[in-house]
Participant: 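Quick one: structure below, then a few questions.
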Amino acid sequence: MAAGSALTDEVGEQLTAWGKVVRIETRGRVSGRELAVAVGFVEEVDGGLLVAAGDADADWALNLEANPNCRVTIGERTWNALAEPLDRTGTAAAVAALILRYGTPAERLGRGPAFRLVPQPGA
């Protein structure tokens, strides 16, 4: 689930509630509407989250590139975050960590942008 899937299905909602994936809410760069996806993540010691898109044209990732402000949910925790794009080295490290966490490599994981979602003060 690292590439992200629309949270219109019950499975994505359950995985988010169980803390297996993060729900990322972005604002559509074209539509302006709020959109949500379920994405695999790795949580860092300081609370940052590493995420990576499986496609260069993944809408959720393009939305974060256009507007890095987002809202994230894991289990019962929800907070505002800022998406910081990762460079090539950071992306490789994030992909490796995601593969280790989820147990199997995804053929496309890392073909798109990767980010560090940083909690915002007061979030």
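Quantities reported herein were computed from a predicted structural model and do not represent experimental measurements. Sequential numbering from 1 along the given sequence is applied to the chain's residues.
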Participant: Between atom NZ of Lys20 and atom OH of Tyr102, what is the distance when rounded to the nearest 0.5 Å?
Facilitator: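 Reported to 0.5 Å precision, the distance equals 8.5 Å.
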Participant: Which one of Leu64, Val39, Leu82 satisfies the side-chain contact (heavy atoms from CB on, under 4.5 Å) criterion with Leu117?
Facilitator: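 Considering Leu64, Val39, Leu82, a side-chain contact (heavy atoms from CB on, under 4.5 Å) with Leu117 is found only for Leu64.
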Participant: Of all heavy-atom pairs between Ala94 and Leu86, which one has the smallest distance, and what is that distance?
Facilitator: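 Answer, listing the atom of Ala94 first, then Leu86: CB-CD1, 3.9 Å.
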Participant: Where do Val95 and Ala52 come nearest, in terms of heavy atoms and distance?
Facilitator: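 Residues Val95 and Ala52, closest heavy atoms: CG2-CB, 4.2 Å.
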Participant: So, does Asp55 use its side chain to make a donor-acceptor pair with the main chain of Asp57 at under 3.5 Å?
Facilitator: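 Between the backbone of Asp57 and the side chain of Asp55 there is no qualifying donor-acceptor contact (under 3.5 Å).
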Participant: Look at Glu44 together with Arg116 and state whether they make a salt bridge at an N to O cut-off of under 4.0 Å.
Facilitator: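 Arg116 and Glu44: salt-bridged.
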Participant: Compare every heavy atom of Gly47 with every heavy atom of Pro119, then report the nearest pair and how far apart it is.
Facilitator: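 Reported closest heavy-atom pair: CG-O, 3.6 Å.
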Participant: Looking only at non-hydrogen atoms, find the nearest pair between Ala114 and Thr91 and report the distance.
Facilitator: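 Distance-wise, the nearest heavy atoms are CB-OG1, 3.5 Å.
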Participant: Give, for atom CZ of Arg33 and atom OG1 of Thr26, the distance between the pair rounded to the nearest 0.5 Å.
Facilitator: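 Spacing of CZ (Arg33) from OG1 (Thr26) equals 10.5 Å.
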Participant: Group every Ile, Leu, Val, Met, Phe, Trp and Tyr by side-chain heavy-atom contacts under 4.5 Å, then state whether Leu50 and Ile74 land in the same group.
Facilitator: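 Yes, it is one cluster - the side chains of Leu50 and Ile74 are joined through contacts under 4.5 Å.
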Participant: Answer yes if Val21 and Leu100 sit in the same cluster of Ile, Leu, Val, Met, Phe, Trp and Tyr residues linked by side chain heavy atoms under 4.5 Å apart, and no otherwise.
Facilitator: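 Not linked; separate clusters.
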Participant: Going only through I, L, V, M, F, W and Y residues with side-chain contacts under 4.5 Å, is there a path from Trp18 to Val11?
Facilitator: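 Per the 4.5 Å side-chain linkage, Trp18 and Val11 are co-clustered.
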Participant: Look up atom CZ in Arg71 and atom CZ in Arg27, then write down how far apart they are to the nearest 0.5 Å.
Facilitator: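 Answer for the CZ-CZ pair, Arg71 versus Arg27, is 12.5 Å.
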Participant: Hey, any chance Val118 and Leu49 share a hydrophobic cluster, counting ILVMFWY side chains that come within less than 4.5 Å of each other, even indirectly?
Facilitator: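 The answer is no; the residues belong to distinct hydrophobic clusters.
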Participant: Which heavy atom of Ala61 sits nearest a heavy atom of Phe115, and at what distance?
Facilitator: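 Heavy atoms of Ala61 and Phe115 come nearest at O-CZ, 3.5 Å.
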Participant: Measuring from atom CG of Asn80 to atom CD of Glu25, what distance do you get when rounded to the nearest 0.5 angstrom?
Facilitator: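 It is 9.0 Å, given to the nearest 0.5 Å.
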Participant: Honestly curious: do Phe41 and Leu35 fall in one hydrophobic cluster under the side-chain, below-4.5 Å linking rule?
Facilitator: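 Shared cluster, no.
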Participant: Taking atom CD of Glu34 and atom CG of Asn63, what is their separation to the nearest 0.5 Å?
Facilitator: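 Result: 11.5 Å between the selected atoms.
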Participant: Flag the pair Arg23 / Glu13 as yes when at least one side-chain heavy-atom distance between them is below 4.5 Å, and no otherwise.
Facilitator: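 Of all side-chain heavy-atom pairs linking Glu13 with Arg23, at least one is under 4.5 Å.
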